[in-house]
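This report refers to the structure that appears directly beneath it.
The sequence lines fix the lettering, A, B, ..., with proteins before strands; numbering per chain opens at 1. Remember, it's a predicted structure, so these values are computed and weren't measured experimentally.
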Protein chains: 2
Amino acid sequence: MNKSLRQRAVLEAVGQEPVANQEDLQRALRKRGFKVTQATLSRDIRDLGLIKTAAGYALPQGEASASVALPPVKRLVREFVLEARPAQNLLVVKTIIGSAQPVAAALDEQEWEEVVGTIAGDDAILIVCPDKDAAKKVAARIEEMLG
Amino acid sequence: MNKSLRQRAVLEAVGQEPVANQEDLQRALRKRGFKVTQATLSRDIRDLGLIKTAAGYALPQGEASASVALPPVKRLVREFVLEARPAQNLLVVKTIIGSAQPVAAALDEQEWEEVVGTIAGDDAILIVCPDKDAAKKVAARIEEMLG
DNA sequence: CATATTTATTCATCGTGATGAATAAATATC
DNA sequence: GATATTTATTCATCACGATGAATAAATATG
């Protein structure tokens, strides 16, 4: 079973019909070809950040639309990052060719205090930090994720 | 153990010193902090496309430099692709936000006859095919990878 | 050609993440 | 407040890819 596809189906179901509880959701997913248990749907709902309203499951107020999330940053770092080197208040993260973008997006999502911003290229990400200590901290954090 | 990092170390070792056999390579890797068996190194050498020359392991003639490869296309498709829809001789592949690039790069690598070219955005890849039948074929192939 | 060395591959095992069954916890209902 | 319903979480299991140990196959050597 493909988790991304299933979570996408959850979002679709919730957007198209009233889904009062997880049993309803299970039925809606069954209709879309996903045979899945309540436990898994509970996890999906948490991952997608859905809330329960009087009209059924929905996105939190204020969110225009939801989408399936990238895998956890640690996983992306382990999968694609080759090294992370600080240079003054900058950090250059080398990745496998073509894979800088998802890693950068996942790093952005962390909203680390020590990160001012990131720029992704093809095989590298430039991370801008407030100062060189911050850059060292971020580098250490990434190296730790690499294992 | 991180496979990408180890393969990168293999490339480095081979580029810096004569590596006559896999036992030499094992020692070179050990010096770089990778405790690894001959079996695994044999696989790495195959994956990296290294060849054995009189001067030791090296890149094939004509390749300026090697790099660690992206994961197999099937894995990237399963991880990041949400759907693949043909439209005339085009195919729009929807991905998780931020992940189009590695998927497109991996699809490009396949060098399928039915693909003229790809353009990756943020969450979608546009695949250009010679005609609508080709687009349908490629879509089916991707759907099959999705499982 | 016999044998040593090297490399590739099979088979068993492990790590990781996901999933389901069972259970605990939370919430709704009367 | 008692109980039914719903949701979350624990525990066991599975799928998948990677790795190592053992073995098979290929190559080098004298």
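In this structure, B:Gln88 and B:Ala135 approach most closely via the heavy-atom pair O-CB, 3.4 Å. The two residues B:Val14 and B:Leu50 come nearest to each other via the heavy atoms CG2-CD1, 4.0 Å.
Here B:Lys74 lies out of heavy-atom contact (under 4.0 Å) with every strand. Residue A:Arg75 is classed as a sugar-phosphate contact, given heavy-atom separations below 4.0 Å to backbone atoms only.
Distance from the side chain of B:Gln38 is smallest to C:dA8 among C:dA8, C:dT6, C:dT19. The nucleotide whose nearest atom lies closest to any side-chain atom of A:Arg43 is, among D:dA18, D:dG20, C:dT19, C:dT19. Checking D:dT7, D:dC11, D:dT19 against every side-chain atom of A:Lys52, the shortest atom distance belongs to D:dT7. Distances from the side chain of A:Ser42 to the nucleotides D:dT9, D:dG20, D:dA18 place D:dT9 closest.
Computed from coordinates, the B:Phe34 CZ to D:dA18 P distance equals 16 Å when rounded to whole Å. Taking atom CG on A:Asp24 and atom P on D:dT7, their separation rounds to 9 Å, with Å as the unit. Between B:Arg46 atom CZ and D:dG17 atom P there is a gap of 14 Å when expressed in whole angstrom units. Rounded to whole Å, the distance from CD on A:Gln22 to P on C:dA21 is 15 Å. The distance from atom CZ of B:Arg6 to atom P of D:dG17 is 16 Å, rounded to the nearest whole Å. Between the C1' atom of C:dA8 and the CG atom of B:Leu25 lies a distance of 15 Å, rounded to the nearest Å. Summarising the geometry, the separation between CG on B:Asp47 and C1' on C:dT9 is reported as 14 Å, rounded to the nearest angstrom. Nucleotide C:dG17 holds its P atom 12 Å from the CG atom of A:Leu76, rounded to whole Å.
Pairing of D:dT23, defined by two Watson-Crick or G-U wobble distances under 3.5 Å, is identified with C:dA8.
Without hydrogens or angle criteria, B:Gln110 side chain to B:Ala106 main chain gives a donor-acceptor distance under 3.5 Å. Side chain of A:Asn2 to main chain of B:Arg78: a donor-acceptor pair is present (N/O by atom type, distance under 3.5 Å, no hydrogens or angles).
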Begin with the C-alpha distance, continue with both residues' side-chain angles, and end with the deciding distance and a verdict on salt bridge (Lys or Arg N to Asp or Glu O under 4.0 Å) for A:Glu17 and A:Arg32. CA-CA 13 Å; A:Glu17 49 189 292; A:Arg32 290 166 168 77; 3.3 Å; yes
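Applying the 4.0 Å criterion to OP1 and OP2 of C:dT19, one finds that A:Thr40 has every side-chain N and O outside that range. Between B:Tyr57 and C:dT7, a side-chain N or O to OP1/OP2 separation shorter than 4.0 Å is present. Using a 4.0 Å cut-off, no side-chain N or O of A:Thr37 falls inside it from OP1 or OP2 of C:dT19.
The residue among B:Val36 and B:Arg78 whose nearest nucleotide of DNA chain D lies closer to the 5′ end is B:Arg78.
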